[in-house]
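Below: one structure, written as structure tokens.
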Amino acid sequence: EAGVAQSPRYKIIEKRQSVAFWCNPISGHATLYWYQQILGQGPKLLIQFQNNGVVDDSQLPKDRFSAERLKGVDSTLKIQPAKLEDSAVYLCATQAPYSSGYNEQFFGPGTRLTVL
Amino acid sequence: DQQVKQNSPSLSVQEGRISILNCDYTNSMFDYFLWYKKYPAEGPTFLISISSIKDKNEDGRFTVFLNKSAKHLSLHIVPSQPGDSAVYFCAASAGSNTGKLIFGQGTTLQVKP
């Protein structure tokens, strides 16, 4: 079974520029998450999708961050304009439909963003 | 407000000995707890979990203990192996079907040969 794919793996931009990240989930995983992991901290949830609908975006800085999940499969996360404090690893995770017990989230390798 | 805390940024143990990683939480609504392991340049991978209705869950060399009254959980690795060297994250969820995870800051484990 293929894992969660993310691209690009690394991105360096200047502040005020725009950037987009892409995530391809594990086939059949209806739930998709975007996390931000700042150096020395644990991942922090930005947004959760169920199929192509947003379940939770309470932690997403909506003045500069946006995300979409077209057709309930691939997802993109965009930052426009970027700030220095956006430097972090952006992780995508997906989760199988609920059956019984807890279905763990599977993480992609992440995109490391550096804002100069 | 840090709802999940891992107060030890790093831990170093000798190969073959026990590694104990600790985690504290403040939200009494949390009812499911997970440990993830992360190698450099990779995403976190699921290691082991425990429901709040249990106080212990074991999977091979890994055991997680939950003390609800103290709002504390720990991960025991016995025996520790050099390949266990990684960053370990504790995470908590309110509702097994809720999905949203709150992560601790992580503890870097180094297992010396």
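Excluded from the calculations below are hydrogen atoms, water molecules and symmetry mates; all remaining heavy atoms, backbone and side chain alike, are included. Sequence lines set the chain letters: A, B, ... in the order given, protein chains first and strands last, and positions in each chain run from 1.
- More than 12 heavy atoms of other residues, nucleotides or ligands lie within 6.0 Å of NZ in A/Lys62, so this atom counts as buried by the packing criterion.
- The interface of residues 74-83 of chain B with chain A, defined by heavy-atom distances below 4.5 Å, is empty.
- Considering every non-hydrogen atom in both B/Gly43 and A/Leu91, the closest pair reads CA-CD2, 4.2 Å.
- Taking a 6.0 Å sphere around CG of A/Leu84, one finds it holds more than 12 heavy atoms contributed by other residues, nucleotides or ligands.
- Here the closest non-hydrogen pair linking B/Phe89 and A/Gln37 is CZ-NE2, 3.2 Å.
- Put simply, the side chain of A/Tyr33 never gets that close to the backbone of B/Leu101: no donor and acceptor are under 3.5 Å apart.
- Here B/Phe103 and A/Tyr35 bring their ring centres to under 6.0 angstrom of each other.
- Around the CD atom of B/Gln2, the shell of radius 6.0 Å holds more than 12 heavy atoms that belong to other residues, nucleotides or ligands.
- Under the 4.5 Å side-chain heavy-atom criterion for ILVMFWY residues, no single connected hydrophobic cluster contains both B/Leu21 and B/Tyr32.
- Looking at A/Gln105 and B/Tyr36, their side chains come closer than 4.5 Å, going by heavy atoms from C-beta outward.
- Counted within 6.0 Å of NZ on B/Lys5, heavy atoms from surrounding residues, nucleotides or ligands total 12 or fewer; the atom is thus considered open.
- No more than 12 heavy atoms of other residues, nucleotides or ligands shown are found within 6.0 angstrom of CZ on B/Arg17.
- Listed for the A/Arg9 side chain is a donor-acceptor partner under 3.5 Å among the backbone atoms of B/Ala41.
- Following chains of ILVMFWY side-chain contacts shorter than 4.5 Å, one cannot reach B/Phe65 starting from B/Val4, and the two form parts of different hydrophobic clusters.
- Interface residue A/Ser58: only side-chain heavy atoms are found under 4.5 Å from chain B.
- Under a hydrophobic-cluster definition in which Ile, Leu, Val, Met, Phe, Trp and Tyr are linked whenever side-chain heavy atoms come within less than 4.5 Å, directly or via other members, B/Ile102 and A/Tyr90 are assigned to different clusters.
- With hydrophobic clusters built from ILVMFWY side chains whose heavy atoms lie under 4.5 angstrom apart, B/Leu11 shares a cluster with B/Tyr88.
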